[in-house]
Enquirer: 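Can you keep this structure in mind? I'll have questions shortly.
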Amino acid sequence: MLFRSSFDRALQAAQLSNEPALIARAWYNLGMLHVSSGALKRGESALEKGMAIANQHGLTISQMRSRVALALLHQKRGEKAWQPEQLPSSMPIDLHLSAARLAQVQGGHIVARQEYGFVLRVGGEDRSGLLYKAEEHMGLALIAEQQQNHEAAKKEA
């Protein structure tokens with residue numbers, strides 16, 4: 001797999017640099033590659049390594065990325081998963097969106113709405129900001145549909 005060898009090389013380069021932030025991010029990226037290709041155990045292992053490095057070096061954003069990804073993976077497999085509370089506003093917008101999705105699939109609609117609301121408030125008017133806002137509205141539409149509120153779902157969509 002071409003992408004895997006590229007991610008493996010990125011991990012090796014990060015380890016040679018001895019830069020914990022790069023190493024944690026490389027493990028996260030490798031883990032997400034494995035998860036997306038269906039190699040869930042490998043993905044879980046890589047995400048756990050990335051989270052351990054992030055924890056050891058106080059890299060809160062990297063730690064949270066891995067934590068949310070692991071929780072989504074566990075939730076997908078029907079296992080008990082970490083349930084997020086509202087994230088600090090210092091976290092990047094994409095993490096707020098991921099935490100909202102996680103809370104949503106876990107039935108934590110209050111946290112999901114809070115996180116989606118953050119995305120709506122902070123998302124800019126550039127292409128990526130508008131994409132985040134679109135994802136936020138679709139998430140709220142799914143929550144409304146789960147709650148049989150078809151009018152609100154239609155409005156959000």
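Computed from a predicted model, the values in this text were never measured in an experiment. Position 1 is the first residue of the sequence; numbering continues from there.
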Enquirer: Out of curiosity, L73 CG to S66 OG, how far, rounded to the nearest 0.5 Å?
Expert: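 The CG atom of L73 sits 11.5 Å away from the OG atom of S66.
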
Enquirer: Are Y28 and L11 connected in the hydrophobic side-chain network, where two residues link if heavy atoms are under 4.5 Å apart?
Expert: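 No: no chain of side-chain contacts under 4.5 Å links Y28 to L11.
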
Enquirer: Do Q106 and L102 come within less than 4.5 Å of each other through their side chains, counting heavy atoms only?
Expert: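 Yes, side chains in contact.
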
Enquirer: Do the side chains of L140 and F118 join up, straight or via other hydrophobic residues, at under 4.5 Å, putting them in one cluster?
Expert: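 Yes, L140 connects to F118 through the hydrophobic network.
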
Enquirer: Where the side chain of S45 meets the backbone of K41, is there a donor-acceptor pair that is under 3.5 Å apart?
Expert: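 No; zero donor-acceptor contacts below 3.5 Å.
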
Enquirer: Hey, does M91 have a side-chain heavy atom less than 4.5 Å from the side chain of I61?
Expert: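 When only atoms from C-beta onward are counted, M91 and I61 do touch, with a gap below 4.5 Å.
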
Enquirer: Hey, is the main chain of P84 close enough, under 3.5 Å, to the side chain of E115 for a donor-acceptor pair?
Expert: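 No; judged by distance alone, with no hydrogens or angles, the pair does not exist.
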
Enquirer: Give the minimum heavy-atom separation between G31 and L47, together with the two atoms involved.
Expert: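 Taking every non-hydrogen atom into account, CA-CG, 4.1 Å.
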
Enquirer: Indicate yes or no: at least one non-hydrogen side-chain atom of N149 is less than 4.5 angstrom from one of I143.
Expert: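 No; the side chains remain at least 4.5 Å from each other.
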
Enquirer: Work out which heavy atom in H96 is nearest to a heavy atom in S89; give both atom names and the distance.
Expert: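 That closest heavy-atom pairing would be NE2-CA, 4.1 Å.
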
Enquirer: Is R65 close to D94 at the side-chain level, that is, under 4.5 Å between some pair of heavy atoms?
Expert: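 Answer yes - side chains close enough.
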
Enquirer: Given side chain to side chain contact (heavy atoms under 4.5 Å, CB included), test L70 with M51 step by step and report yes or no.
Expert: CA-CA 9 Å; L70 279 167; M51 191 163 73; 3.8 Å; yes

Enquirer: Quick one: does Y132's side chain get under 4.5 Å of V122's, heavy atoms only?
Expert: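 They are not in contact (no side-chain heavy atoms under 4.5 Å apart), so the answer is no.
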
Enquirer: Got a second to check how far N29's CG is from D8's CG, nearest 0.5 Å?
Expert: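 That separation rounds to 12.0 Å.
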
Enquirer: Grouping I, L, V, M, F, W and Y whenever their side-chain heavy atoms are under 4.5 Å apart, do L30 and I23 come out in a common cluster?
Expert: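 L30 clusters together with I23.
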
Enquirer: Under 4.0 Å between a side-chain nitrogen and a carboxylate oxygen: does that hold for E48 and R67?
Expert: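 Looking at R67 together with E48, the answer is no, because their closest N to O distance does not fall below 4.0 Å.
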
Enquirer: Is there a donor-acceptor pair closer than 3.5 Å between any side-chain N or O of S36 and the backbone N or O of L33?
Expert: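 Here the side-chain-to-backbone pair exists.
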
Enquirer: Ignoring hydrogens, what is the shortest heavy-atom contact between A103 and A112? Give both atom names and the distance.
Expert: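 What the structure gives for the nearest pair is CB-N, 3.7 Å.
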
Enquirer: Please round to the nearest 0.5 Å and tell me the distance separating atom CG of L87 and atom CD1 of I93.
Expert: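 It comes to 12.0 Å.
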
Enquirer: Are side-chain heavy atoms of H34 and L40 found at a separation under 4.5 Å?
Expert: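 SC-SC contact between H34 and L40 ruled out.
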
Enquirer: For W27 and I53, which heavy atoms make the closest approach, and how far apart are they?
Expert: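 In this case the closest contact between W27 and I53 is CD1-CD1, 3.6 Å.
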
Enquirer: Sort and list the pairs that fulfil salt bridge (charged side-chain N to carboxylate O under 4.0 Å, His left out) and have at least one residue in residues 18-37, not counting sequence neighbours.
Expert: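 Those involving residues 18-37 do not exist here.
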
Enquirer: Looking at every non-hydrogen atom in both residues, tell me the closest pair between S98 and L72 and how far apart they are.
Expert: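 Nearest heavy atoms, S98 then L72: O-CD1, 4.5 Å.
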
Enquirer: Return the NZ to CZ distance between K133 and R121, rounded to the nearest 0.5 Å.
Expert: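 CZ of R121 is found 11.5 Å from NZ of K133.
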
Enquirer: Mind checking what makes side chain to side chain contact (heavy atoms under 4.5 Å, CB included) contact with Q148, not counting sequence neighbours?
Expert: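 Per chain and number, Q148 pairs via side chain to side chain contact (heavy atoms under 4.5 Å, CB included) with H150.
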
Enquirer: Quick check on the hydrophobic clustering: are M32 and L97 connected, directly or via other members, by side-chain heavy-atom contacts under 4.5 Å?
Expert: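 No; tracing contacts between hydrophobic side chains, which count when under 4.5 Å, never links both residues.
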
Enquirer: Do the non-hydrogen side-chain atoms of R101 and Y116 ever get within less than 4.5 Å of each other?
Expert: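 Yes; the side chains approach each other to less than 4.5 Å.
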
Enquirer: How far apart are the C-alpha atoms of Q146 and H109, what are their side-chain angles, what is the distance that settles it, and do they pass the side-chain hydrogen bond (donor to acceptor under 3.5 Å, both in side chains) test?
Expert: CA-CA 10 Å; Q146 289 170 341; H109 295 151; 3.0 Å; yes

Enquirer: Tell me, yes or no, whether the heavy-atom count around E151 atom CD, taken from other residues, nucleotides or ligands under 6.0 Å, exceeds 12.
Expert: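 No.
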
Enquirer: Over all heavy atoms of both residues, which pair between A157 and M138 is shortest? Give the atoms and the distance, please.
Expert: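 Nearest pair, atom of A157 first, then M138: CA-SD, 4.2 Å.
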
Enquirer: Tell me, do L120 and H137 make a side-chain contact under 4.5 Å, heavy atoms counted?
Expert: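 Sidechains of H137 and L120: in contact.
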
Enquirer: Ion pair present between E44 and R77, side-chain N to carboxylate O less than 4.0 angstrom?
Expert: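 Salt bridge present between E44 and R77.
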
